[in-house]
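Chain identifiers are assigned alphabetically (A, B, ...) following the order of the sequence lines, protein sequences preceding nucleic acid strands; residue numbering begins at 1 within each chain. Computed from a prediction, not measured in an experiment: that's the story for all the values here.
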Protein chains: 2
Amino acid sequence: MKARAVSRKSSAKDSRVEVPPMATIIGYKLRRAQLFVFQDFLESFSKVKLRPAEFSVLAIIADRPGLKQSEIAESLGIKRANFVALMDSLERRGLAERRKAETDRRSHSVHLTPEGEKFVKKMTAIWAEHENRLIERLGGVAERDRLIDLLDRLLAPGE
Amino acid sequence: MKARAVSRKSSAKDSRVEVPPMATIIGYKLRRAQLFVFQDFLESFSKVKLRPAEFSVLAIIADRPGLKQSEIAESLGIKRANFVALMDSLERRGLAERRKAETDRRSHSVHLTPEGEKFVKKMTAIWAEHENRLIERLGGVAERDRLIDLLDRLLAPGE
DNA sequence: TATTGTTATACTCTATAACTATA
DNA sequence: TATAGTTATAGAGTATAACAATA
């Protein structure tokens, strides 16, 4: 693709320096949208005191119990050093637990506690309300799918 | 709209707790995409040592010279207290300057220096390369426009 | 020798309260 | 009394280096 995707037409109105309008800058709009969505998430989950990172960890554990700490951290793009405090917090709240892996006793496999399973059900219900609110703003599930598809194009080839 | 946008069909494969797949969660995908884009931005601008927030401030000043500090901060979603260090840095580098406003001497109107104008031209060229790289990933300008439109729907009604 | 989890640490971003100078 | 800019500070989030236990 050789065509100039970003044009620099002059408005010919004054002597100002030509700059891209913030409203059309991908990174800027992405950041603003992400902050908005996280804000809605935080308000939705304030009653159960759950942050986005904690939500994602619980969701992974629920879906694939037994994964090692470092596997969960890497799949979420979290440094394993920073994962420790996150995991400590979930364990202190009695939602998840570390178990020494039998095959490789250096590593910890991570599981939900029974209380954690109950919590995940409640959490999933709260999330559904939050997500449906976003889907409504987008104009429906089809638009949500289009958005996810476009974001995946940015992220591809690697997750 | 009353239809359930987020379904909870069971996979009927095992006894795991039902959770949303991370790959389809709007907030999660938004965050990953934003981090990726900022990463590309930081690499593109590493040679001129410019961060996304600094870029956005310079772009605003270039487009609308004379705005007050607090007006710029608010339009970018930055707290005015946090804007001070940002502005200090641009001023120390000789790219922008504060001028005591004549009408209201509490406020500072912000302008580019001559060197700042030269810098903005260079910065805009680097940005265009970066942005074109993203547009190519998305599949063209039309896809970029669709993405911006969807992100605006999330952000609407307020910016 | 390499890897997993861990600690310690530093740097950026963000949020709040309180000060100053002007209005 | 209220507002613009400022300072100080505290909390997240994130990045790196180094250590102990285990492989």
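In terms of position on DNA chain C, the residue among R31(A) and S109(A) whose nearest nucleotide sits closer to the 5' end is S109(A). When each of S107(A) and D88(A) is assigned the nucleotide of DNA chain C bearing its nearest heavy atom, the one mapping closer to the 5' terminus is S107(A).
For the pair E74(A) CD and dA15(D) C1', the interatomic distance rounds to 16 Å; values are reported in whole Å. Atom CG in L86(A) sits about 16 Å away from atom C1' in dT7(C), given to the nearest Å. Taking atom CD1 of residue I78(A) and atom P of nucleotide dT14(D), one finds them 7 Å apart after rounding to whole Å. F38(A) has its CZ atom 14 Å from the C1' atom of dC13(C), to the nearest Å. For the pair Q34(B) CD and dT14(D) P, the computed distance is 10 Å after rounding to whole Å. Across the protein-nucleic acid pair, L35(A) atom CG and dA12(D) atom P stand 17 Å apart, rounded to whole Å. In this structure, F83(B) atom CZ and dG5(D) atom C1' are separated by 11 Å, rounded to whole Å.
The listed nucleotides are dA4(D), dT7(C), dT14(C); the one nearest the side chain of V84(A) is dT7(C).
At most 12 heavy atoms of other shown residues, nucleotides or ligands fall within 6.0 angstrom of atom NZ in K49(A).
The backbone N or O of G94(B) sits less than 3.5 Å from a side-chain atom of T113(B), completing a donor-acceptor pair. In this structure, the side chain of R32(A) engages the main chain of L76(B) through a donor-acceptor pair within 3.5 Å. No side-chain donor-acceptor contact under 3.5 Å links S109(B) to the backbone of L67(B).
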Nucleotides 15-23 of chain C: protein proximity per nucleotide (B base, S sugar-phosphate only, - neither; heavy atom, under 4.0 Å): BBB---BBS
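For the pair D149(B) and R153(B), the salt-bridge criterion is met [side-chain N within less than 4.0 Å of a carboxylate O]. Salt bridge K118(B)/E115(B): absent, no basic N to carboxylate O contact under 4.0 Å.
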Side chain to side chain contact (heavy atoms under 4.5 Å, CB included) between V57(B) and V110(B), worked out: CA-CA 10 Å; V57(B) 172; V110(B) 179; 5.9 Å; no
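Within the 4.5 Å cutoff, the side chain of L138(B) has heavy atoms near those of the I26(A) side chain.
Residues from residues 41-71 of chain B that place a heavy atom under 4.0 Å from any atom of DNA chain C, listed by number: R51(B).
Shown are E129(A), R133(A), Q39(A); of these, the side-chain hydrogen bond (donor to acceptor under 3.5 Å, both in side chains) with S44(A) is made only by R133(A).
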